[in-house]
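Step one of this worksheet: look at the structure below.
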Amino acid sequence: MGSLPIETFQPLDPDVLVKESRAVVDFIANYYRDIERYPVRSQVEPEYLSKRLPDQAPIFPQPIQTILDDIHDDIFPGLTHWQSPNFYAYFQANASTAGFLGEMLCSGLNVVGFNWIASPAATELESIVMDWMGKMLKLPSSFLFSGGQGGGGVLHGSTCEAVVCTLAAARDSALTKMGGDGITKLVVYASDQTHSTVQKASKLIGIPPSNFRAIPTSAASDYALTPDSVRSSMEADIAKGLVPLYLCATIGTTAVGAVDPLLELGKVANEYGVWYHIDAAYAGSSGICPEFRHYFDGVELADSFSLNPHKWFLTNMDCCCLWVKSPSSLVDALCSNPEYLRNKASDAKTVVDYKDWQIALSRRFRAMKLWVVIRRYGMANLMEHIRSDVAMAEHFERLVAMDRRFEVVVPRKFALVCFRLKPRFQGDDPSELNRRLLEAVNSSGQAFMTHAVVARMFVVRFAIGATLTEMRHVEATWKLIQAKADGLLLNGSCDKISSSNGLFSL
Ligand code: PLP
């Protein structure tokens, strides 16, 4: 229960802050030094933690060192180590020193810039950083504050929030034209590869679930959405008296990294007068490299565009950039104007009040973090970071292609390789085989990958992007995968490499 307090209670004493934050920084630095010693995917059973922690909060204070020891002993076993160099699952949440420092500054200053006067620098830095990012990505000037056409950007915590907000803007614009009770007629279009966040967001803003179209894709288009399929879906809905509202295209889908043809889809969206959003949550960061910028062709036709620097831009969680051509439609849908927030600058409408560009009122100073990352690394290093991940993925793809027992299922996009072990005999269940292969690798603790199912095919996803990953990790993981496959194909077991090799003795 801790010990009796002997000092006065000063929760923001600068000297204690220095001492204890040094202890925390040392702890985190040691964590990164030792990270390869932990099993990448946590190996605990559900509810392991309640067996280790007391079921009551302490009454008296406890020393930071005791808390850090408990994190090491009790929390670490239940962590899946996202910063491990052998983390290849989902899409990464890449951390960096600059991202961490930016997060410290954001947290240390702890200002809440919901409107301009609540912290003018927070608002103004956000607008400047969003324009910097937009220029790095060569977004059309219609998305930038400096473009002078009314556009601009905002930082949210997640793509889900960005999609909810843009959908709300689209919905309200449409309902203003149609009349208030038309919501049951509005239809949202995406592909069967679009992130589930869009379906969730459309439900959240009141679109009937039956009015969400997950248009099928196939291997023929590398799982990209085709303009013809969107057009026919919209035509069929219009014939039923429904009203197309919103189309979401993706650069780098979650399952296989597919890229939808932005230009052609944009033409369809513009022709039918729907709000056109582009979700580039994962792969958007690659747009700063000229060789990937062609994937963005057609972005000029979009109404809104979002990407997550917390995935592939060395920015610690959380950070999602959203640009809109017409922020006034966002503001119309999301603004609130209570008396207690009124002030001269807002009343004069000469400033951005970001509370009206998002769901919540309160907001973090995320711009500080992104600004520190961009300044500390510069475009040159940020491009190098993307390129080296892609080079490692290319190498991994070649290794897979050289082993005839395996196949690359979808041509690699960005730093994501989707592959599978081919069935040996007719009648072998390839999904079961690959499920077992994946589990064998993940339960070894030496690497963590996840899967996707496309065209009813179970594929293993190998997503490179953890900041600490080097070529040697990729090569060692490939050897691990091959050894597990040997075990599966020769003995029907995966025991060739055992997890009891003393690696995880911390
Ligand atoms: N869109 C894509 C393409 C994604 O890959 C993801 C997550 O991986 C998301 C959206 C969801 O992002 P968030 O968690 O920021 O809502």
Side-chain angles (χ1 to χ4, degrees), residues 80 82 87-95 99 133 153-168 188-205 212 214-215 217 222-225 246-260 262 265 276-287 292 295-296 299 302 304-313 315-323 358-360 363-364 366 369-370 386 389 393 410 413-418 448-454 459 461-466:
T80 288
W82 283 66
F87 182 97
Y88 307 101
Y90 315 113
F91 283 132
Q92 63 281 356
N94 58 179
M133 279 294 284
V154 58
L155 290 171
H156 286 178
S158 69
T159 298
C160 187
E161 289 162 66
V163 174
V164 168
C165 293
T166 53
L167 264 165
V188 173
Y189 301 84
S191 88
D192 59 2
Q193 299 299 312
T194 304
H195 196 274
S196 57
T197 207
V198 178
Q199 186 163 12
K200 182 174 181 173
S202 92
K203 203 164 129 191
L204 273 173
I205 62 118
F212 180 80
I215 300 170
T217 58
D222 283 343
Y223 302 98
L225 190 54
Y246 186 100
L247 170 65
C248 180
T250 307
I251 305 179
T253 60
T254 313
V256 295
V259 180
D260 293 331
L262 300 191
L265 291 173
Y276 183 35
H277 179 74
I278 297 168
D279 169 14
Y282 155 62
S285 302
S286 71
F292 298 113
Y295 290 123
F296 287 59
V299 66
S304 49
F305 176 86
S306 58
L307 75 88
N308 287 359
H310 68 228
K311 282 188 164 48
W312 206 14
F313 205 71
T315 306
N316 293 36
M317 283 285 288
D318 57 359
C319 190
C320 169
C321 296
L322 168 69
W323 289 269
Q358 64 173 27
I359 299 168
R363 60 201 321 274
R364 308 181 68 238
R366 294 188 186 95
K369 179 170 52 181
L370 193 51
I386 302 279
D389 286 349
V410 188
K413 285 275 166 44
F414 310 105
L416 173 65
V417 180
C418 294
F448 181 34
M449 310 178 292
T450 48
H451 76 279
V453 174
V454 278
V459 298
R461 294 172 73 263
F462 191 81
I464 297 181

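In each ligand, atom 1 is the first atom listed, and ligand 1 is the first ligand listed.
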Every pair of nitrogen or oxygen atoms between ligand 1 and the protein that is under 3.5 angstrom apart - can you list them with their distances to 0.1 Å?
| residue | atom | partner | partner atom | Å |
| --- | --- | --- | --- | --- |
| ligand 1 | 1 (N) | D279 | OD1 | 3.3 |
| ligand 1 | 1 (N) | D279 | OD2 | 2.6 |
| ligand 1 | 5 (O) | T254 | OG1 | 2.9 |
| ligand 1 | 8 (O) | K311 | NZ | 3.4 |
| ligand 1 | 15 (O) | T159 | N | 2.8 |
| ligand 1 | 15 (O) | N308 | ND2 | 2.9 |
| ligand 1 | 16 (O) | T159 | N | 3.3 |
| ligand 1 | 16 (O) | C160 | N | 2.9 |

Quiz item: In terms of ring plane angle, is the pair F305 and W323 parallel, tilted or perpendicular, where the classes change at 30° and 60°?
Solution: tilted
Exercise. Answer with yes or no whether the side chains of Y223 and S191 bring together a donor and an acceptor at under 3.5 Å.
Key: no
Quiz item: For the ring pair Y90 and F448, is the centre-to-centre distance below 6.0 Å?
Solution: yes
Quiz item: Is there side-chain contact between H156 and C165, with heavy atoms separated by less than 4.5 Å?
Solution: yes
Quiz item: Closest heavy-atom contact between A281 and K311?
Solution: O-CD, 3.5 Å
Practice problem: Dump the intermediate steps for side-chain contact (heavy atoms from CB on, under 4.5 Å) on W312 and D389, then the final yes or no. | Solution: CA-CA 10 Å; W312 206 14; D389 286 349; 2.8 Å; yes
